[in-house]
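Hydrogens, waters and symmetry mates play no part in the numbers below; they use all other heavy atoms, side chains included. All ligand and atom numbering here is 1-based and tracks the order in the structure. None of the values given here were measured: they were computed from a predicted structure.
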Amino acid sequence: MKNYLNFKQTSVYKALEQIYSGPLPHLQSLRNKDKNYIETPRFIFDYSKTHFEPGARLFVQMLNELRFDEQKEALFRGLHVNTTEDRPALHTALRLPDSSDEFPSEEIKNSVIRMRNKIKDFVEKFRHGLLSGATGKPLDTVVNIGIGGSHLGPQTIVHALRNRNTAPYAFLSNVDDEHLADVLEQIDPETTLFIVVSKSFSTKETLYNAGEIQNYIKNKFGKDAIAKHFIAVTSAKDKAVNFGIDPARIFEMQAWTGGRFSLWSSAGISIPLILGYDLFEKLLHGAYLADRHFRDEDVLQNIPVIMALLTLIYNNLAGYESEAHIPYSEKLFYWPFYLQQLSMESNGKSVQRNGKTVDYQTGPVVWGATGTNAQHSFFQLLHQGTKIAPVYFTGYAKSETGFSRNRTFLLANLLAQAEGLADGKKSSDPHKNFEGNRPSVSFIFNELSAENLGFLIALFEHKTYVESILWNINAFDQPGVELGKEIALRYEQNFTDNKDSDNPLYRFIKRNM
Ligand code: F6P
């Protein structure tokens with residue numbers, strides 16, 4: 001995977017630069033009501049309020065020169081797309097139907113099916129009240145202890161899809177002691193199952209939280225209670241066993257499952273435990289449909305490819321440095337947080353796969369919040385500020401609350417913002433003038449089902465991968481997170497040893513802790 005070009009090395013780069021690096025043609029002049037929509041009965045993907053069209057033909061040529069099809073197939077076939085760690089990134093295998101003949105190997109197929117059966121079996125027992133805690137009461141509450149990829153996906157999904165059959169739950173990710181105390185206060189330890197999710201089983205935040213809870217449970221119910229109240233998900237089984245988890249209750253996470261792509265694996269076990277296995281299956285199916293779409297569609301009909309090319313237009317050619325994600329739904333509250341890890345941990349890189357430093361932008365700053373709240377907070381800048389951020393609006397039509405006036409107004413706002421940003425509104429009063437020409441994509445579903453959510457998430461996973469192909473970087477490692485971890489250990493040791501330091505912040509904290 002080391003011998004690929006980056007977008008700047010393709011023959012069409014100069015022509016694309018000419019189109020996109022000067023003032024962009026006004027969106028109103030580009031809009032064509034029959035073009036730049038992808039619609040099915042379940043969703044409409046509208047990119048008609050973007051500047052995609054003028055470069056479309058050149059993009060096809062660019063992707064050919066980047067040997068895009070070959071690189072796309074490499075992902076699905078389990079080639080070592082994670083170049084620095086020399087392994088595949090096989091999240092797509094995690095959602096293949098059991099009967100599929102597209103697993104990259106028999107071994108991978110068996111490991112996925114084995115994992116699924118183990119999850120299903122455990123989930124059924126839990127949801128039927130067949131697992132009991134130390135005092136004999138059935139376990140009915142779930143606490144997921146994990147951070148980053150071992151937290152954000154499950155939390156995003158559980159929050160979005162929770163319903164009347166949802167088990168009580170909490171997510172404990174931050175090492176913040178006050179958050180730990182809060183979670184312990186919310187739950188009844190007698191009936192709680194704690195899941196320690198850590199691929200490496202060496203993430204301090206997770207181990208510290210899990211360690212404190214182990215002590216808490218031991219103090220309450222004795223040391224044998226640990227086996228009843230804890231399960232673990234990891235690639236490092238020995239470490240989990242040493243930590244005191246019952247080996248029979250350790251769920252394997254395959255080495256080829258990257259943390260931020262892992263919600264489809266045992267790392268996502270909190271999802272079926274909290275919401276039910278059926279729903280988890282539907283989520284996987286939705287993601288599988290997205291995989292099919294990505295693998296089969298031509299590039300100009302391919303949603304992840306289009307989204308990645310939009311990143312190229314705005315982030316690399318037009319010089320807009322960020323990308324806002326605005327879900328019109330409180331159920332999708334965590335969507336921007338999830339996307340931040342997916343995009344910024346994957347593509348926040350400065351070195352190409354061949355080891356050379358890039359001379360262009362890579363991953364944009366990803367941010368966002370729910371609409372309409374965001375409209376009353378930062379939308380002023382989006383409409384009239386000096387910075388332009390392409391916006392991804394996400395929403396769905398159906399809800400069952402019966403509060404139809406609210407729903408109608410919510411969705412009217414989504415439509416209004418996309419239109420206002422694109423078209424603007426002329427006024428002779430400069431304070432009231434809206435230039436418009438501010439791009440957005442609207443992705444609207446019929447409803448927020450597990451299948452639709454799985455589909456949406458998997459499309460964004462593929463967007464991330466396509467962007468990394470354009471930039472010729474490895475989307476599947478994260479060496480940049482290591483330095484901070486090292487320095488934190490040093491400070492932790494200094495606090496423990498009661499050492500002094502010339503860092504005034506350290507001194508202040510030490511005096512006041
Ligand atoms: O922040 C770095 C990171 O390694 C993420 O990539 C990962 O999702 C998270 O930490 C948690 O890692 P683990 O599952 O190994 O505890």
Side-chain angles (χ1 to χ4, degrees), residues 81-91 94 115 119 143-158 171-176 179-180 194-214 230-245 250-271 334-349 362-363 366 457 460-461 464-465 468 473-489 492:
V81 290
N82 182 349
T83 44
T84 49
E85 294 172 337
D86 196 18
R87 61 185 177 207
L90 267 173
H91 38 286
L94 295 167
M115 179 186 76
I119 297 175
V143 174
N144 189 84
I145 310 169
I147 196 164
S150 299
H151 157 239
L152 286 162
Q155 185 182 45
T156 304
I157 288 161
V158 166
F171 283 91
L172 180 58
S173 53
N174 202 334
V175 74
D176 178 356
H179 185 50
L180 167 63
F194 298 95
I195 316 171
V196 188
V197 188
S198 178
K199 182 178 177 190
S200 59
F201 225 83
S202 60
T203 303
K204 291 273 182 193
E205 287 90 333
T206 302
L207 297 186
Y208 282 12
N209 278 330
E212 290 298 342
I213 296 181
Q214 269 193 345
F230 279 80
I231 65 171
V233 179
T234 188
S235 290
K237 189 168 177 188
D238 293 356
K239 288 187 185 161
V241 173
N242 285 342
F243 200 76
I245 312 276
I250 297 176
F251 293 75
E252 188 200 356
M253 213 177 145
Q254 296 90 343
W256 43 257
T257 304
R260 53 191 172 276
F261 299 88
S262 68
L263 70 94
W264 326 99
S265 73
S266 357
I269 193 170
S270 58
I271 303 168
Y334 292 106
W335 180 231
F337 298 98
Y338 171 80
L339 287 176
Q340 279 177 328
Q341 190 201 12
L342 176 62
S343 170
M344 293 164 84
E345 197 172 79
S346 299
N347 287 337
K349 312 277 167 67
T362 59
V366 170
I457 294 174
F460 274 85
E461 287 181 345
T464 306
Y465 179 52
S468 77
I473 57 177
N474 177 9
F476 301 111
D477 64 359
Q478 55 286 324
V481 300
E482 295 307 320
L483 176 62
K485 291 184 188 171
E486 255 171 52
I487 303 175
L489 285 185
E492 183 188 31

Task: Close side-chain approach of Thr83 to Phe476, heavy-atom, < 4.5 Å - done: no
Task: Test item: protein heavy atom less than 4.0 Å from atom 10 (O) of ligand 1 - done: no
TODO: Answer side chain, backbone, both or neither: which part of Gln478 comes under 4.0 Å from ligand 1, heavy atoms only.
DONE: side chain
TODO: Consider ligand 1: state whether an atom of it lies below 4.0 angstrom from any non-hydrogen atom of Met253.
DONE: no
Task: Identified side chain to side chain donor-acceptor pair (under 3.5 Å) counterpart of Arg260 within the set Glu461, Glu345, His91 - done: Glu345
Task: Numbering as shown, the atoms of ligand 1 that approach Val481 to under 4.0 Å (heavy-atom distance) - done: 2 (C)
Open item on the list: Name the residue from Tyr465, Trp335, Tyr338, Phe261 that meets the ring-ring contact (aromatic ring centres under 6.0 Å, His included) definition with Phe460.
Closed with: Trp335
Task: Contacts of type side-chain contact (heavy atoms from CB on, under 4.5 Å), residue Met344, not counting sequence neighbours - done: Gln340, Val365, Val366
Task: Per atom 7 (C) of ligand 1, closest listed option by heavy atom (Ser150, Gly149, Pro479, Ser200) - done: Gly149
Open item on the list: Using a 4.0 Å cutoff against the non-hydrogen atoms of Glu345, which atoms of ligand 1 qualify?
Closed with: 1 (O), 2 (C), 5 (C), 6 (O)
Task: side-chain contact (heavy atoms from CB on, under 4.5 Å) against Gln155, all qualifying residues, sequence neighbours excluded - done: His151, Phe171, Tyr334
Task: Residue Gln341 vicinity, atoms of ligand 1 by number, heavy atom under 4.0 Å - done: 5 (C), 6 (O), 8 (O)
TODO: For the residue pair Leu207 and Phe201, establish whether any side-chain heavy-atom pair is separated by less than 4.5 Å.
DONE: yes
Open item on the list: I'd like to check which ligand 1 atoms, numbered from 1 as shown, lie under 4.0 Å from a non-hydrogen atom of Ile147.
Closed with: 9 (C), 11 (C)
Task: Minimum-distance pair of heavy atoms, taken over all atoms of Ala232 and Ala240 - done: CB-CB, 4.2 Å
TODO: Distance to 0.1 Å, residue and atom name: give those for the protein heavy atom nearest to atom 12 (O) of ligand 1.
DONE: Thr203 OG1, 3.5 Å
